[in-house]
Amino acid sequence: MENMVTMFEKLKSTYQGKRVFLTGHTGFKGAWMTALLNMLGAEVKGFALAPEYEGCIYSLLEKELNVDSIIADIRDKQRLTNEVLSFQPDYIFHLAAQPLVRRSYAIPAETFEVNVIGTANVLEALIHLNKRCTVVVITTDKVYENKEKNLLYNEADVLGGYDPYSASKACTELVVNSFRNSFFNVATYSDHHKALASARAGNVIGGGDFSENRIIPDIVRALTAQEVITVRNPSSVRPWQHVLEPISGYLLLGALLNEDPVKYGKAYNFGPQPQDHLTVKELVERAISAWGKGEWKDNSDINQPHEGQLLQLDISLAGQELQWLPKLDSKQAIAWTIDWYKKSLPEKVTFTFEQIKSYLNL
């Protein structure tokens, strides 16, 4: 496998001076990705809603980021199309989404509108773009029909989704496949010059996430307030990974997809090694250890909305074809995350870029 210095050089040679259209740039992963793209020398145009949470990573980094930020809704098809066509991107990374499982129970129709129709709007804009463009659509590990068994789901497994969020993301994958077959078929690439792939990432953790009903933000809020952490699903197993892991994977996939649209025009899983699939209890206890103190209690409720108890990803395809593997184990990923939150406010901005540099030099 290429070492990360070589990968960084490859990414920089790919994205330096290139135009990258990034939806969801104000979100947790989107802000980290914008920062990394800045370091690679890309020209970035972002399209997203305003940041939802005070003190989130984008709000902290905004003054340091070089991005043409468009605050708008991806359901506004005409605005989105106009911004894509005026920018003439070389690459599009589509991250904008309603990303929360529990929120999807409260706003199911809106979740489908944002995640499914929003994706269709991005890809329809691509039809009208009269130039070569490479596109990666970000979905989730939850696109699979989860059988709640000790299985590692691979890219060929059946799509599904119990809750509205998971189902909407499975639908998103169908939208991607439909556009790839109908408008951007690899067999006619020489006619349309559009390369399209999707990326399915596991549960992402890292500094600057303040979303509701996500375990790391919930842990940090409780620890900061010196309160007991309440945990609703301590036995649930998830493929936890630091935010820099999938982001590096997305960019590597985009680089390779640009080189060979036929070979890489498909879906890829990005997640941790199998031994790093942790229960929520294990994650909480390691976070408390990294923080230095704290307690937790089981707050399970049999009447709470359904969430999958066991979910594990097979990342062998990304390893074999993209030469991508995670660089941080679960202990390191949790430590890096907690270290970010422990920093004082002025330090958080500098520390974000330090973590990116450290990751690229692993």
Side-chain angles (χ1 to χ4, degrees), residues 1-2 4 7 29 93 95 97 99 101 136-163 165-177 180 196-206 215 233 235-257 260 262-280 282-283 307-334 359 362:
M1 176 182 172
E2 296 175 286
M4 283 306 297
M7 182 185 290
K29 283 199 292 184
F93 289 90
L95 278 69
V101 171
V136 179
V137 174
I138 313 306
T139 60
T140 176
D141 57 339
K142 297 174 181 63
V143 297
Y144 298 107
E145 183 180 308
N146 193 349
K147 302 181 185 301
E148 302 278 356
K149 295 181 179 179
N150 190 24
L151 302 170
L152 295 175
Y153 292 100
N154 66 52
E155 293 83 352
D157 283 325
V158 175
L159 300 178
Y162 186 108
D163 57 87
Y165 168 74
S166 302
S168 74
K169 285 296 195 174
C171 290
T172 298
E173 288 282 356
L174 295 178
V175 168
V176 171
N177 199 51
R180 185 165 43 221
L196 179 58
S198 62
R200 304 167 180 175
N203 286 53
V204 178
I205 62 175
I215 188 62
N233 294 306
S235 61
S236 294
V237 176
R238 292 287 185 273
W240 313 100
Q241 60 185 324
H242 191 272
V243 62
L244 290 171
E245 304 276 30
I247 286 173
S248 71
Y250 303 159
L251 291 172
L252 181 59
L253 173 56
L256 294 172
L257 181 63
D260 191 337
V262 176
K263 179 177 180 180
Y264 300 107
K266 53 191 169 188
Y268 289 91
N269 287 340
F270 295 95
Q273 299 285 16
Q275 65 269 22
D276 282 319
H277 292 162
L278 304 179
T279 64
V280 173
E282 290 171 323
L283 174 74
E307 295 182 78
Q309 295 297 304
L310 179 60
L311 181 57
Q312 302 174 102
L313 284 183
D314 180 348
I315 61 170
S316 58
L317 185 65
Q320 293 164 6
E321 295 194 357
L322 307 181
Q323 298 297 298
W324 177 91
L325 288 173
K327 307 303 290 184
L328 302 174
D329 62 26
S330 58
K331 185 175 182 180
Q332 291 171 310
I334 295 167
Y359 180 83
L362 285 176

Between [atom1] on residue [X] and [atom2] on residue [Y], distance to nearest 0.5 Å:
X      : Y      : atom1 : atom2 : value
Tyr165 : Thr140 : OH    : OG1   : 3.5 Å
Leu283 : Arg238 : CG    : CZ    : 11.5 Å
Leu317 : Leu322 : CG    : CG    : 7.0 Å
Asp141 : Gln312 : CG    : CD    : 11.0 Å
Gln241 : Ser330 : CD    : OG    : 12.0 Å
Leu257 : Leu251 : CG    : CG    : 12.5 Å

Stepwise side-chain contact (heavy atoms from CB on, under 4.5 Å) check, Lys142 with Val101: CA-CA 10 Å; Lys142 297 174 181 63; Val101 171; 4.0 Å; yes
Looking only at heavy atoms, what is the nearest atom pair of [X] and [Y], with distance?
X      : Y      : answer
Ser235 : Thr279 : O-CG2, 4.0 Å
Tyr250 : Phe93  : O-CE2, 3.4 Å
Ala197 : Arg180 : CA-NH1, 3.8 Å
Lys263 : Tyr268 : O-OH, 3.9 Å
Glu173 : Val143 : CG-CG1, 4.0 Å
Asn269 : Ala318 : O-CB, 3.5 Å

Verify, without hydrogens or angle tests, whether Gln332 (side chain) and Asp329 (backbone) share a donor-acceptor contact under 3.5 angstrom. yes
**Item:** Flag, side chain of Asp157 to backbone of Asn154, donor-acceptor distance under 3.5 Å
**Value:** yes
Contacts of type salt bridge (charged side-chain N to carboxylate O under 4.0 Å, His left out), residue [X], not counting sequence neighbours:
X      : result
Lys147 : Glu145
Glu155 : none
Glu321 : Lys266

Across all chains, not counting sequence neighbours, the ring-ring contact (aromatic ring centres under 6.0 Å, His included) partners of Tyr144 are Tyr153
[X] versus [Y]: any side-chain heavy-atom pair under 4.5 Å?
X      : Y      : answer
Asn233 : Ile215 : no
Ile138 : Lys29  : yes
His277 : Pro272 : yes

Glu245 meets the side chain to side chain donor-acceptor pair (under 3.5 Å) criterion, sequence neighbours left out, with Tyr359
Ser166 meets the side chain to side chain donor-acceptor pair (under 3.5 Å) criterion, sequence neighbours left out, with Asp163
Start with the C-alpha gap between Trp240 and Val204, add the side-chain angles, then the distance that decides, and say whether side-chain contact (heavy atoms from CB on, under 4.5 Å) holds. CA-CA 6 Å; Trp240 313 100; Val204 178; over 6 Å; no
Pair Leu152, Leu313 - check side-chain contact (heavy atoms from CB on, under 4.5 Å), show working.
CA-CA 5 Å; Leu152 295 175; Leu313 284 183; over 6 Å; no
Worksheet item: side-chain contact (heavy atoms from CB on, under 4.5 Å) between Thr172 and Val137: does it pass, once the steps are laid out?
Response: CA-CA 9 Å; Thr172 298; Val137 174; 4.1 Å; yes
